[in-house]
Every structure is written in C-alpha cells, then in structure tokens.
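Below is one structure, written out as structure tokens; comments come after it.
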2 protein chains.
Amino acid sequence: MLDNSQYIEKLRSSGLRPTKQRIKICEVLFNSEKTFHFTINELVKRISKSTNEKISLATVYNTVHAFKNKGYLKEIPINSDQSYFDTNTSHHHHFYDETQKDLIDIDDADVEPVKINTRIPGKKIKSVEVLVKVEDDKS
Amino acid sequence: MLDNSQYIEKLRSSGLRPTKQRIKICEVLFNSEKTFHFTINELVKRISKSTNEKISLATVYNTVHAFKNKGYLKEIPINSDQSYFDTNTSHHHHFYDETQKDLIDIDDADVEPVKINTRIPGKKIKSVEVLVKVEDDKS
DNA sequence: TCAACAGTTTAGAACTATTATAATGTAGAA
DNA sequence: TTCTACATTATAATAGTTCTAAACTGTTGA
C-alpha cells in the first residue's frame, strides 16, 4: 500500500469516512500528473485495471457525486447521453470536438475574461463556463 | 385551421414533408411571440393542450431532432437528466439558476465577445456558448 | 478493548430518457 | 389513381442513473 495519508486527510477533513473504496478512487482520480475527463463508465474501467478488488457501480456513482459536491471534481455541461466529469477543478473552459466526440481543456489564460453585463436580482454568479464546439475544417 | 402556409413552406424548403404532425409541432414551437426553452416532456404536454389528436412520443423525438438538424432549434448544453432545447436560434447565452432549475436567456449584447486565443489544428469553431450558473444570494 | 451506531457498500431491482423496430399510413410524383 | 419513399405509430429495447434494504465498517465513548 502506497502513502495514502494525503487522501485519508482529504476525505476526513471534508467529513467523508476514508473507506478503502474511496481511497482507491482517490488514487485513480488524483494520482496522475495530468488532470483528465471521464465518464462513470470509463472510471469503472480505470478502477478495475488498477485493483483486483471490485468496487460496486453504486459506490462509484455515490463517490463521484460526493467528490463533486465537495468540489474535488467538476461536472462538464455538455449534451451527451452520459455525464462527463473533470479532475481539473481550476477555472478553465472546454473545446468539444463534435467529430471525435472529444473534450479538450482550454486554459483559462487562453480565454479573455467573459464579461456579463446583466444580472439576475437576488442571484449570485457561481460559475461562468465556456464551451467551444469545433468540427473538422473541410475548407 | 389557421394559416400554416409559412410552416408548410419552411418544412418543404428544408426537405421535410409537411405532415400534419410536423405542422402542429411548428405551431406549438414557433407561433408564440417569445422564444422559450423546453424538454421533450414539456413539449408533449404543450402539444396535448393545443390539440385533441395525439402525436406519438417517437414522432415528437424524431421531429425535434429533425428541426435541430435543420437549425430551427438549438440544444442547450447543460447537465441534466433531460435534454433542453431552445426555440431561440440566434446567438445568445444562458443563465442556469441552480436553485430553481431554471434556464434564462442572456442576450448576446449583454456578453462581451468571447475571445479564444488558442485553436485546435484542423478544426474550425462551430459555436461558442457561455453558461453562467447562478444561485440564491444569501449575503 | 469493545459495544454500539451512524455512515457506507453492495447486488440487484427499478426508473427514466431516449432510440430502435417493424408494421401501417400518407404526401407527392408520374 | 397508383406507386414509392418517407413518416408515424405503439411498443420493445437499451443505457445511464438512482433506489432499496441488507450486510458491513469506521469511529466514538464507555
């Protein structure tokens, strides 16, 4: 077993019990150098590749939602038959390649600050997300 | 029967046969003064309110997809268990009120042009959509 | 240390939105 | 009118997600 104390701390500090399933999912999600996008289906595959102990599908769903609520994951707003999540929780945007059905990060520095010159009374802005749809350039 | 020649023309000109189901759906979608957002479920309800002749659910799905492909409707990228469509096909953006689960248009004029300073080689930009999530301001 | 309890996991059922199927119907052309 | 390709329909099938309720486990406090 590697050093998972960081994940145990992370979980405990946000009121989530550090169960072995949650720690394993943390490893799969947060151990990699680069952040990435995933669907539940893809996450389940990554998990089975990295462990022999099966984690129930329901637990994967529960955990992803818990992590999303705690701000450890972001859900990407996109029209798809599946939900897409992002381990990159910093402020950034996305290209969606409609030809390849592929999501690509756009660094926040590559997008001029989006100015919204209107407000809804009594509401505060929680996030501003830009989705840039692209397709093959056949010109 | 009201004057539906505009819809018959519209359908015919885009290679869709003007069936009575499609004409009825055009009426429900495009007769109102204001544009609006809807889910398939909501559209089915609107249809049943405005006619006695039942339109099959499959036809509603087929028609909405056909209209979307022809550019008469836009699908709104949002995380939801249902697809949201918009009869406003002009370039504009959305607030999503997470408290009320409500979508609100943002006029294009109220958003400073979004500048994306990066590109994907071989791909061209098809659309740039901004989703502003808001919640109740409890301050 | 250990009992107790609240939180967690689990397999599988249930649910819901959407798509596929295949038979019947219909608009438009000849 | 007849023919044919396109549309509609009810229903079945599919797929992602959530629910259920029983078994399990981390944590607390005696």
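Across all strands, A:Lys20 comes closer than 4.0 Å to no nucleic acid atom at all (heavy-atom distances).
OP1 or OP2 of D:dT18 sits under 4.0 Å from a side-chain N or O of A:His65. At the phosphate of C:dT8, neither OP1 nor OP2 sits under 4.0 Å from any side-chain N or O atom of A:Thr19. At D:dT8, one or more side-chain N or O atoms of B:Arg22 fall inside 4.0 Å of OP1 or OP2 (strictly under the cut-off). Applying the 4.0 Å criterion to OP1 and OP2 of D:dT18, one finds that A:Tyr61 has every side-chain N and O outside that range. Side-chain N/O atoms of A:Gln21 include one lying less than 4.0 angstrom from OP1 or OP2 on C:dT10. Contact between the side-chain N/O atoms of B:Arg12 and the OP1/OP2 oxygens of C:dG28 is found at a separation under 4.0 Å. Phosphate proximity of D:dT17 to A:Ser83: present, with a side-chain N or O under 4.0 Å from OP1 or OP2. At D:dA10, one or more side-chain N or O atoms of B:Lys54 fall inside 4.0 Å of OP1 or OP2 (strictly under the cut-off).
Closest to the side chain of A:Thr63, out of C:dT9, D:dT17, D:dT8, is C:dT9. Here D:dT27 is the nucleotide among D:dA10, D:dT8, D:dT27 with the atom lying nearest to any side-chain atom of A:Pro18.
Toward the 5' end of DNA chain C, the nearer of the two residues B:Asp81 and A:Ser56, judged by each one's closest nucleotide, is A:Ser56. The 5' end of DNA chain C is approached more closely, in terms of each residue's nearest nucleotide, by A:Arg17 than by the other of A:Arg17 and B:Leu57.
Between the C1' atom of C:dT9 and the CD1 atom of A:Ile47 lies a distance of 13 Å, rounded to the nearest Å. Going from atom CD1 of A:Ile23 over to atom P of C:dG7 covers 19 Å, rounded to whole Å. Atom P of nucleotide C:dT18 and atom OH of B:Tyr84 are separated by 11 Å, given to the nearest angstrom. A:Asn79 places its CG atom 16 Å from the C1' atom of D:dG16, with the value rounded to the nearest Å. The separation between A:Leu16 atom CG and D:dT25 atom P is 19 Å, rounded to whole Å. Protein atom CG of A:Asn41 is 14 Å distant from nucleotide atom C1' of D:dT14, rounded to whole Å. The CD-P distance, from A:Gln82 to D:dT14, rounds to 17 Å in whole Å.
For B:Lys123 and A:Phe95, the positive end is not near the middle of the six-membered ring at less than 6.0 Å and at most 45° from its axis.
Partner of A:Asp86 under the side chain to side chain donor-acceptor pair (under 3.5 Å) criterion, chosen from A:Lys74, A:Lys68, A:His94: A:His94.
Contact annotation: the side chain of B:Leu29 never approaches that of B:Tyr7 to less than 4.5 Å [non-hydrogen atoms, C-beta and beyond].
In summary, B:Glu42 and B:Lys45 do not engage in a salt bridge, as defined by a charged side-chain N under 4.0 Å from a carboxylate O.
In this structure, the side chain of A:Ser13 engages the main chain of A:Glu9 through a donor-acceptor pair within 3.5 Å.
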